[in-house]
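Structure record follows, encoded as structure tokens.
Throughout, numbering of the chain's residues begins at 1 and tracks the sequence. Atom set for the values below is all heavy atoms of this structure, side chains included, hydrogens, waters and symmetry mates excluded.
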Amino acid sequence: MTSATTMNAVLPAEHRERLMRLAREVSFEAGTRLFEEGRHADRFWIVRTGTVALDLHVPGRRPAVIESLGHGELVGWSWHFPPYIWHLGAEAMSPMRAWEFDAEAVRSICAEDAEFGRTIAAWVGRVVAQRLHASRIRLLDLYAPYGSGGLT
């Protein structure tokens, strides 16, 4: 888990509270697909308990697991950027409880309140950067002749 990208670490209290007013509690059994790469991204989640694996479709192979997410982590960022299509897939690796958010409702509030919108955009941007880095490292580990080699 990357605490630098959790909602509590990034969003000021007043913005967390405003966002949480839109939350709906949901649960998923282990093995449940939350979303598939290439499909419409209309919601997102914050993990309360359990683990979610983010994966990437690799033709002719099993999906490559890019990262595992746990408590407090944002699951899904594609809802924030047009054309709102998932860039990865996600599967519950254990029984999972989460807060679910309707993307359109959150985007609407972001459009109405510029400060809230900037804060959400900065949070989602941090998550995207962290996931891009994790994807790069994981794909190098899987497919490069010498792995990722670590960063120097």
Side-chain angles (χ1 to χ4, degrees), residues 1-58 63-142 148 151:
M1 174 171 73
T2 307
S3 62
T5 60
T6 62
M7 176 181 68
N8 288 341
V10 177
L11 298 182
E14 65 272 12
H15 292 156
R16 280 195 313 265
E17 291 167 12
R18 188 167 187 190
L19 182 63
M20 290 307 295
R21 286 194 290 266
L22 300 173
R24 181 174 81 95
E25 290 187 37
V26 296
S27 59
F28 301 97
E29 296 298 321
T32 301
R33 296 292 295 176
L34 277 69
F35 53 86
E36 296 289 343
E37 186 177 344
R39 299 223 175 130
H40 182 67
D42 62 352
R43 65 197 67 233
F44 63 96
W45 302 265
I46 297 173
V47 179
R48 295 178 62 210
T49 62
T51 307
V52 178
L54 298 177
D55 55 42
L56 178 67
H57 175 73
V58 179
V65 173
I66 299 299
E67 189 173 14
S68 294
L69 306 176
H71 176 74
E73 290 288 337
L74 174 65
V75 179
W77 55 264
S78 301
W79 63 271
H80 193 66
F81 303 102
Y84 313 119
I85 302 297
W86 294 117
H87 288 80
L88 299 170
E91 182 174 321
M93 298 307 293
S94 64
M96 179 188 143
R97 291 185 2 215
W99 288 294
E100 182 177 86
F101 299 85
D102 177 88
E104 189 173 329
V106 175
R107 287 193 307 263
S108 177
I109 293 173
C110 288
E112 293 168 6
D113 180 343
E115 183 182 343
F116 180 80
R118 278 190 302 275
T119 303
I120 296 297
W123 174 41
V124 174
R126 278 181 151 178
V127 169
V128 171
Q130 191 276 327
R131 303 268 161 82
L132 179 60
H133 178 73
S135 298
R136 176 186 175 275
I137 297 299
R138 182 66 176 136
L139 292 174
L140 285 171
D141 283 343
L142 289 172
S148 65
L151 297 175

Side-chain heavy atoms of [X] within contact of [Y], under 4.5 Å:
X      : Y     : answer
Pro63  : His57 : no
Met7   : Arg16 : yes
Arg48  : Val26 : no
Val75  : Phe44 : no
Ile109 : Arg18 : yes

Check [X] against [Y] and note the closest heavy-atom contact, atom names and distance.
X     : Y      : answer
Gly31 : Glu91  : CA-OE2, 3.6 Å
Leu19 : Val106 : CD1-CG2, 3.8 Å
Arg43 : Trp86  : O-CH2, 3.1 Å
Gly50 : Ser94  : CA-OG, 3.3 Å
Ala98 : Val47  : CB-CA, 4.3 Å
Trp77 : Val127 : CD1-CG1, 4.4 Å

Taking the six-membered ring of Tyr84 (Phe, Tyr or Trp), confirm whether the NZ or CZ of Arg107 is under 6.0 Å from its centre and within 45° of its axis. yes
Between [atom1] on residue [X] and [atom2] on residue [Y], distance to nearest 0.5 Å:
X     : Y      : atom1 : atom2 : result
Leu22 : Glu104 : CG    : CD    : 12.0 Å
Ile66 : Arg136 : CD1   : CZ    : 12.5 Å
Leu54 : Leu34  : CG    : CG    : 9.5 Å
Arg33 : Phe28  : CZ    : CZ    : 12.5 Å
Met96 : Thr32  : CE    : OG1   : 9.5 Å
His15 : Ile120 : NE2   : CD1   : 8.0 Å

Any donor-acceptor pair under 3.5 Å from Thr51 side chain to Gly70 backbone: no
Do side-chain atoms of Ser78 reach the backbone of Ile85 as a donor and acceptor pair under 3.5 angstrom? yes
Are the charged groups of Arg24 and Asp102 less than 4.0 angstrom apart, N to O? no
Is Glu67 salt-bridged to Arg131, cutoff N-O under 4.0 Å? yes
Test side-chain contact (heavy atoms from CB on, under 4.5 Å) applied to Asp42 - qualifying residues, sequence neighbours left out: His40
Could you pull out all residues at least two apart from Ala23 that satisfy side-chain contact (heavy atoms from CB on, under 4.5 Å)? Met20, Trp99, Phe101
Residue pair Glu100, Trp45: steps toward the side-chain hydrogen bond (donor to acceptor under 3.5 Å, both in side chains) verdict: CA-CA 4 Å; Glu100 182 177 86; Trp45 302 265; 2.8 Å; yes
